[in-house]
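Below is one structure, written out as structure tokens; the observations come after it.
A quick note: this is a predicted structure, and the numbers were derived from the prediction, not measured. Protein chains get the first letters and strands the later ones, always in sequence-line order, with residue 1 at the start of each.
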Amino acid sequence: MSVEEIIQKLKDKFPHSEIIIDNELPVEPFVVINALELPQICKFLRDDESLLFDTLMNLSGVDDNNATKVKDEEGNEKLEGRTLSVYYHLHSMKLDHKLALKVSVPIEKPEVESVESIWKCADWHEREAFDMYGIIFLNHPNLIRILMPYDWEEGSYPLRKDFETPEFYNGMKIPY
Amino acid sequence: MAIKTEEMVLNMGPQHPSTHGVLRLELELEGELVLNVIPHLGYLHRCFEKHCEAMTYPQVVPYTDRMDYLASMSNNLGYAITVERLLGIEIPERVEYIRVIMAELQRIASHMVALGTYGVDIGAFTPFLFLFAEREKILTIFEETCGARLLYNYIWVGGLSHDIHPDFVRKTKDFVRDFKPRITELNNLLSYNKIFVERTANIGILPADVAINYGITGPNLRASGIKWDLRKNDPYSIYDRFEFDIPVGEGLYGTTGDSWDRYYLRVLEMEQSIKIIEQAIDNIPDGDVQSAVPKRIKPPKGSIYTRVENPKGELGYFIISDGSLNPFRVKVRAPSFVNMEVFNELCKGHFVADIITILGSIDVVLGEIDR
Amino acid sequence: MLTEFGKIFVFIILAGAFVGIAIFAAMLIRPKRPSHEKDLIYECGENPEGSPWVKFNIRFYVVALIFLIFDVEIVLLFPWALVYKTFGFYGFVAGAIFLLVLFLGMAYEWRKGDLEWARPKINRLELNKLLEKKEQQVS
Amino acid sequence: MKQYFKNTFDALYTVLVGMRITFKHLFVPSVTIQYPEVKPQMPERARNRLFVNMDDCIGCDQCSRACPVNCITIETVKATPDDSPGETSQGKKKALWVTKFDIDIAKCCFCSLCVYPCPTECINMTKVYEFSEFERDNLIYNFATLTMDEVTDKQKKFEEFTAQKEAEKLAAAKAKAEKAKQDAAKKDDKPESKPE
Amino acid sequence: MGFLDTEFSDSNIVITKSEDLLNWARLSSLWQLSFGLACCAIEMMATSASHYDFDRFGVIPRPSPRQADVILISGTVTLKMATRIKRLYEQMPDPKYIISMGSCANCGGPYWEHGYHVLKGIDRVIPVDVYVPGCPPRPEALLEGLLKLQEKIRNERLRKTA
Amino acid sequence: MEVGLNHFLTVSVALFALGLYGVVTRKNAVMVLMGVELILNSANINFVAFSRFGNLGINGQIYALFVIILAAAEAAIALAIVLNIYKTFANVNIDEIKNLKE
Amino acid sequence: MYDFLVNLVGNNIVAFFIAAALPLFLFILPYALLAVLAERKVSAHMQDRLGPMRTGYHGILQTVADILKLIQKEDLRASSTDKSLFNFAPYLVFMGSFAAFAVLPFSSFFIGSSIDVGLFYFLAISSLVVAGILMGGWSSNNKYSLLGAMRSVSQIISYEIPTAVVVLTMVMITGSLNLHTISDQQTAFFWNWNILGGTLPGIAKFLLIPLMLGAFIIIFISTLAEVNRTPFDIPEAESELVAGFFTEYSGMRFAMFFLAEYANMLAVSFLITILFFGGYHSPLGYLGNTLGVEWLVPIEQFFWFASKGLIFVLIQMWLRWTLPRLRVDQLMTVCWKYLIPYSIAILLLVGLVTLI
Amino acid sequence: MELYDIIFYLFAAITIGSAIVVVNSKNIVHAAFSLLLTFFGVSGIYVLLGADFIAVVQIMVYVGGILILLLFGVMLTNRITNVDIRSGSIQVIPAIIGLAIFTAILFWTMTSTNWKSEKFELPTTTAFQIGDILLSEYVLIFELLGILLLIALIGAASIARRDKE
Ligand code: SF4
Ligand code: SF4
Ligand code: SF4
């Protein structure tokens with residue numbers, strides 16, 4: 001099934017949700033959906049007879065770094081609207097079609113529903129996204145750091161674009 | 001059990017002879033029985049993705065080498081294909097052929113290490129050295145062509161760093177010829193050995209449905225009986241021109257999807273790789289390998305997810321480009337990372353010794369898990 | 001005069017002395033540079049969690065138990081094996097019966113599964129159940 | 001029961017097969033290269049320690065920019081025309097004094113990305129692989145041929161030169177200005193003179 | 001107080017000879033802590049495999065640090081790993097040696113600039129005896145490093161250096 | 001004084017006394033078992049000593065052999081029981097088990 | 001030789017101390033040094049490599065260097081170990097393995113002690129090793145050590161049963177427990193060896209041959225397990241338990257364990273030699289006898305004994321570098337479900353055959 | 001003093017000394033390991049008494065079997081890390097008094113009895129004798145012992161296994 005058909009199907013199934021196909025980018029279209037409806041849609045994607053997305057190929061967090069300068073009432077410049085996104089690449093082994101999903105959440109409250117219960121392999125991917133971007137996956141059974149040390153500085157997420165390497169870790173100098 | 005044995009927490013690794021690097025496993029034991037395995041990762045986290053964001057596109061290639069350092073060529077290939085698709089460029093035939101041969105040789109080399117270290121895990125040291133001696137031949141071939149033994153930086157975006165060495169074809173043919181009897185020897189020495197079979201058959205059975213749900217790919221998935229190989233099912237490069245089989249696990253000595261199947265599947269895959277090499281080696285067309293290498297790689301804005309069949313499984317690159325010289329985001333779907341997730345599930349209820357067996361049969365590379 | 005056992009005793013003493021001397025010699029040469037970390041137990045470079053001195057698998061105990069009984073029976077069989085020929089067939093039967101009793105014990109253990117190391121099969125069902133439960137939570 | 005005997009047989013048989021193989025290998029000549037005595041032949045494309053032929057280097061900084069690791073540090077001083085650094089072997093004219101050309105081999109990842117862009121093919125990878133050191137600082141290789149004095153000298157010269165140039169420029173500018181003024185004056189004059 | 005801990009103010013022939021003997025023993029039986037970190041570890045394995053054969057130099061891998069003499073830091077040392085390496089090193093009995101193998105162990109290698117999780121050189125944690133450059137160093141380069149280390153051990157003296 | 005029967009008997013008595021002391025005073029059931037083993041050993045010394053010095057002859061050694069075998073069987077059973085006690089009370093201290101029984 | 005020494009020294013106890021020290025210093029230690037080297041060389045050549053090459057000619061001094069180095073190593077003992085037991089364990093292990101040599105007849109001329117229960121003693125004394133291993137493993141306060149010790153102990157004691165049963169079989173054939181007597185029974189040529197039915201008359205001899213072959217295989221396997229060699233080296237399985245029960249030992253104490261391991265290998269090889277392969281007897285008759293040179297015979301005997309024993313040591317090494325290792329439960333299965341039933345069956349059959 | 005005497009005193013000292021450790025040691029594992037020495041010493045005494053077979057049986061069964069079993073039992077029932085391992089003693093004083101009296105009586109009996117103490121010459125090896133008697137006079141006991149051991153095996157194993165069902 002092509003992406004358009006899948007979208008149509010999704011739209012039929014979830015009439016009230018915002019499901020946008022984003023193919024303004026030239027190479028690969030993906031579907032933007034709402035972060036909070038993710039599990040339902042994913043479950044539908046996995047279980048529907050004509051979709052059967054049985055594997056999650058990849059899940060990646062992205063720091064969109066798309067803040068725009070806004071002036072508030074007092075005239076101070078503020079950066080706003082920066083989002084973190086999560087991309088899901090799904091694949092159906094039985095029907096051999098693919099789909100990419102994207103959800104975006106504001107950086108102030110980066111909360112996404114976990115899909116760990118739908119595709120088991122999301123577990124570590126989500127932990128990694130949490131570790132690297134600080135995206136919080138709700139209902140994840142064990143959302144702790146995975147690659148970085150457990151005692152790494154709280155709130156310091158290395159793959160965010162504004163990350164700065166701390167000077168010391170456990171008494172060891174980090175920068176060269 | 002008459003007396004409830006107390007639970008004991010045993011650390012395996014990061015320095016442990018058989019955790020294949022710096023994996024740390026925290027075992028919850030009840031006597032010798034494993035209740036739970038908690039893998040702790042990140043002991044080799046080298047910030048690959050951060051580096052990508054600071055590099056230009058060609059500069060990323062050496063770093064991809066260092067992910068799955070046992071299969072650098074395949075990593076290069078995956079990255080090159082991804083960026084090429086992002087750029088939308090055509091690759092000369094010759095390059096494609098050489099790439100396929102290289103990737104298949106690399107697959108053999110990688111499987112050799114997997115099988116050899118697996119032997120060591122089970123306690124047989126000799127096969128390991130035999131396989132390493134064979135592997136050395138592949139490395140010599142690679143070295144002659146691109147100058148490095150392990151981390152090649154050979155497959156570039158749009159081409160190759162060097163043309164093949166004049167001796168390449170002959171040496172590869174020699175290798176292929178000599179290697180076949182060695183496979184038989186390996187089988188006799190290790191694969192069919194009763195002790196080995198007893199150690200591995202029916203250990204760590206991975207049923208097909210669980211495998212799919214966990215996103216397992218590569219030999220581990222095929223060992224569970226699913227005929228799924230990206231080279232056939234989602235062909236990239238020129239794999240659709242070659243004739244080869246996808247071996248699947250059959251549970252010859254135990255249940256389908258057990259450790260022995262995973263082990264033996266790699267042996268079979270080596271045979272298939274040889275088949276591909278044999279078909280490709282004589283048909284390398286002439287041409288210039290660097291004709292399509294762009295001077296300045298500046299892909300358009302966009303994102304792409306491309307996957308290739310690495311020796312360990314499906315290697316995916318997800319690249320977002322913002323139209324500048326540096327990638328905006330590179331995310332690697334490392335096969336070992338995903339394959340490792342099912343580990344705990346496989347280990348439950350086995351003995352301590354089986355943990356090693358299972359870990360070895362999954363064949364993980366820490367550089368890829370931690371990146 | 002040394003008896004034959006005396007000689008064995010000499011051997012044992014000598015072995016002990018050899019170890020003692022070797023370790024003593026090493027003491028004269030080796031350096032001693034204690035540090036805090038050297039005082040720690042090795043556990044792959046991690047902090048040891050909990051003590052190893054916990055109760056271990058009872059299997060080992062059962063093995064020792066069966067061994068003890070067998071050991072004793074073999075002890076009894078040694079004198080028998082030395083002399084049964086002088087008693088002819090009768091002697092053999094006496095030993096054979098004893099052996100059969102031994103074998104009976106073993107057969108019993110075998111049947112009862114005391115010779116196995118219990119290994120629960122990997123519970124696939126449980127895994128699936130787990131998955132299902134998770135799904136229900138989601139929906 | 002049958003299985004029982006089969007197991008016994010299998011075990012013994014496969015063990016014997018394995019033993020035969022290892023026994024055969026006992027008489028296979030070993031493949032070992034006895035390293036310090038016998039040194040393996042490096043392939044011609046071997047990628048080991050970097051070498052820079054400073055005679056050819058024009059200090060274009062291409063290699064440094066291509067390096068993903070940033071382990072090449074190049075500092076250059078523009079040559080003054082009277083003190084030209086000469087030509088490369090291919091006859092390219094050098095315009096820069098390379099005052100510093102350090103490669104930190106300890107950081108290098110031997111990817112050889114620096115070799116390709118070099119316009120004069122003066123940086124290349126050699127076959128030398130034995131260069132371990134007791135001190136890490138010894139692994140920073142300085143290729144620049146100039147001594148400290150020369151460097152300062154060149155810098156001074158360049159500064160002088162620039163200063164001179166500046167001065168010249170200034171002078172020129174001044175002259176120009178003057179000239180312009182004069183011209184203007186002339187212009188001014190001209191109409192004056194024109195009627196003459 | 002063992003012989004190796006004493007510092008002789010002057011050296012006589014007995015001391016020098018026994019020093020030489022002990023040094024010879026130490027240098028020709030360097031047991032290595034079997035321990036691999038990253039890509040360099042593969043080359044280390046290749047070094048112990050048939051083609052290069054570490055065993056020729058008397059190097060055999062020992063899994064326990066208690067029985068090891070030399071620790072080969074073969075690969076990238078991350079911050080998470082550094083403390084463990086330090087502990088492993090400390091748990092080895094004296095006299096002990098370290099070979100730092102590969103760019104990463106020397107100074108962070110290709111990761112020195114952006115590697116927020118990479119220790120820039122193992123010498124920040126433990127004292128290194130020999131630095132073997134390369135990425136990865138060829139097995140021969142590693143062997144050469146080993147020879148260098150042997151050289152160093154051969155020249156070790158108990159005598160107090162003025 | 002040449003070493004004779006009495007010397008061996010003295011050792012045996014001492015061992016017996018120590019074994020008894022262990023049985024009486026130790027709290028831990030396994031320790032009690034060790035005391036019992038000591039007592040059995042002391043008895044064995046007696047048997048063997050008498051077989052040497054008395055008129056027991058080779059019979060004395062046979063008895064000793066039987067005692068050893070019985071000791072083995074006893075140890076096996078007793079330890080099994082101790083394990084069972086432990087299983088039920090999570091304790092092998094005899095006095096505490098007495099309390100637990102009610 | 002013993003008498004000679006008595007004459008020389010004048011006191012028989014001192015003489016025997018020397019006589020006992022002789023095998024230790026003239027045979028066991030050089031053997032252990034050579035065996036370790038041989039192990040490395042054999043394994044190397046099996047794996048197409050060379051093994052130690054750089055200490056002495058083709059590395060013959062390698063083990064000497066190893067020992068000299070181990071002497072220099074610091075003796076580490078973590079503070080939470082049980083100090084006294086930790087220190088005592090190497091003594092026990094080494095004593096146990098060395099004491100076994102006391103009853104082995106190296107030649108008709110040199111026998112440490114020819115006690116009449118020699119064979120039985122040989123089996124019994126290994127329990128000292130067991131206790132030592134348990135002691136070392138437990139006192140180390142290390143999980144790997146303890147697990148390794150547990151496994152090791154249960155493995156050794158389990159495999160003691162098939163060993164003992166086969167030994168029992170041999171006792172039935174030879175009617176003696178004295179190793180010296182057993183060796184002497186198999187005198188003259190190799191068809192008198194027990195593996196070929198011994199000196200039994202007529203048809204019984206031929207009936208015995210297959211049984212003896214079976215018995216030999218069983219005892220070889222079980223002694224292999226008793227000395228913790230591959231495929232039964234799970235107690236020190238590197239890939240699981242780091243180094244087994246001596247994980248925490250360093251320096252000279254570790255060397256003692258190491259030495260004991262190789263001494264054990266040799267001891268069981270000798271046992272097999274004596275039981276099945278004629279002990280110190282030459283398979284082909286003696287040069288000394290034919291030449292009429294009396295003093296040559298014992299030397300020849302010693303040579304045959306040592307070489308037969310070393311052949312088995314070599315086979316043990318050969319196996320080690322060929323086979324993977326078993327798992328702990330399989331180990332028990334092999335012992336209890338295969339070796340013991342087979343050995344008991346052989347015992348009964350032999351009993352019947354000898355009565356013919 | 002003859003060598004025989006010295007060795008006797010040595011073994012007697014080993015035996016009794018280690019037995020004292022066994023009954024007094026606070027650490028149960030230490031106690032068990034001292035038991036090893038006791039058994040060893042007793043075995044030496046057997047040798048001095050000319051019972052070589054029994055001596056070896058002593059080592060084989062006690063050291064190789066019972067001791068290991070005891071140790072396993074100890075390790076199975078004790079949390080050795082905490083104070084539990086230090087198994088205390090009870091009623092020490094009354095026990096000592098009672099025992100002293102008891103021992104005195106025993107000792108008195110022993111010394112006052114006029115044992116018929118001639119040295120009974122034993123053959124150099126006792127194993128044959130034991131075998132002979134075992135198969136003639138005691139053959140019934142021999143078989144009974146087999147059955148006893150069978151019962152012990154079954155009993156012990158099933159007790160140890162009990163709650164598996
Ligand atoms: S080889 Fe690579 S890392 Fe080394 S200097 Fe050249 S570009 Fe930089
Ligand atoms: S690229 Fe070549 S010429 Fe340019 S600075 Fe580098 S070495 Fe010199
Ligand atoms: S130095 Fe190079 S080869 Fe070695 S670990 Fe680092 S990146 Fe890998």
Side-chain angles (χ1 to χ4, degrees), chain B residues 5 8-13 15-20 25 27 29 31-34 116-134 136 182 188-203 259-260 263 350-357 359-360, chain G residues 39-51 141-155 221 224-225 228-244 247 317-335 337-338:
Chain B
T5 328
M8 175 159 115
V9 177
L10 184 72
N11 267 315
M12 254 185 183
Q15 183 266 335
H16 190 279
S18 55
T19 46
H20 293 218
L25 300 174
L27 312 182
L29 300 180
E32 294 242 337
L33 218 61
V34 177
T117 49
Y118 195 42
V120 177
D121 292 346
I122 307 283
F125 199 67
T126 310
F128 164 75
L129 291 180
F130 286 175
L131 285 169
F132 256 69
E134 281 313 292
E136 206 68 30
R182 299 307 289 259
N188 281 335
L189 184 59
L190 193 64
S191 319
Y192 303 143
N193 185 297
K194 182 79 180 162
I195 298 175
F196 182 78
V197 169
E198 286 291 315
R199 275 299 299 276
T200 52
N202 283 326
I203 300 295
S259 297
W260 193 85
Y263 162 86
H350 283 81
F351 292 122
V352 181
D354 296 333
I355 303 301
I356 307 296
T357 316
L359 181 64
Chain G
E39 171 111 55
R40 284 165 82 168
K41 277 293 192 186
V42 167
S43 65
H45 283 282
M46 265 176 198
Q47 295 153 351
D48 303 347
R49 7 175 230 128
L50 288 170
N141 191 5
N142 179 314
K143 287 163 199 164
Y144 298 113
S145 298
L146 187 69
L147 266 177
M150 287 293 169
R151 285 174 173 197
S152 189
V153 166
S154 41
Q155 170 183 335
I221 295 174
L224 211 57
N228 292 342
R229 295 289 295 184
T230 313
F232 306 102
D233 64 342
I234 47 155
E236 49 205 71
E238 271 181 23
S239 54
E240 301 145 34
L241 294 185
V242 187
T247 304
M317 290 173 183
W318 181 8
L319 272 173
R320 166 165 182 180
W321 296 105
T322 306
L323 297 181
R325 72 172 71 84
L326 286 163
R327 200 175 49 221
V328 65
D329 61 323
Q330 289 162 352
L331 192 94
M332 294 298 160
T333 312
V334 168
C335 175
K337 294 194 178 165
Y338 288 88

How close do [X] and [Y] get, heavy atom to heavy atom, and via which atoms?
| X | Y | answer |
| --- | --- | --- |
| B:Leu129 | G:Arg49 | CD1-NE, 3.5 Å |
| G:Arg325 | B:Asp121 | NH1-O, 3.7 Å |
| B:Ile195 | G:Pro324 | CG2-O, 3.7 Å |

Side chain, backbone, both or neither: which part of B:Ile355 has a non-hydrogen atom closer than 4.5 Å to chain G? neither
Counting only heavy atoms closer than 4.5 Å, note whether B:Phe130 contacts chain G via side chain, backbone, both or neither. side chain
State which residues pass side-chain contact (heavy atoms from CB on, under 4.5 Å) with G:Ala225; sequence neighbours excluded, sorted by chain then number. G:Gln155, G:Tyr159, G:Phe232
Could you give the distance from CD1 (B:Ile122) to CG (G:Leu323), rounded to the nearest 0.5 Å? 13.0 Å
Checking G:Thr322 against chain B: side chain, backbone, both or neither under 4.5 Å from a heavy atom? both
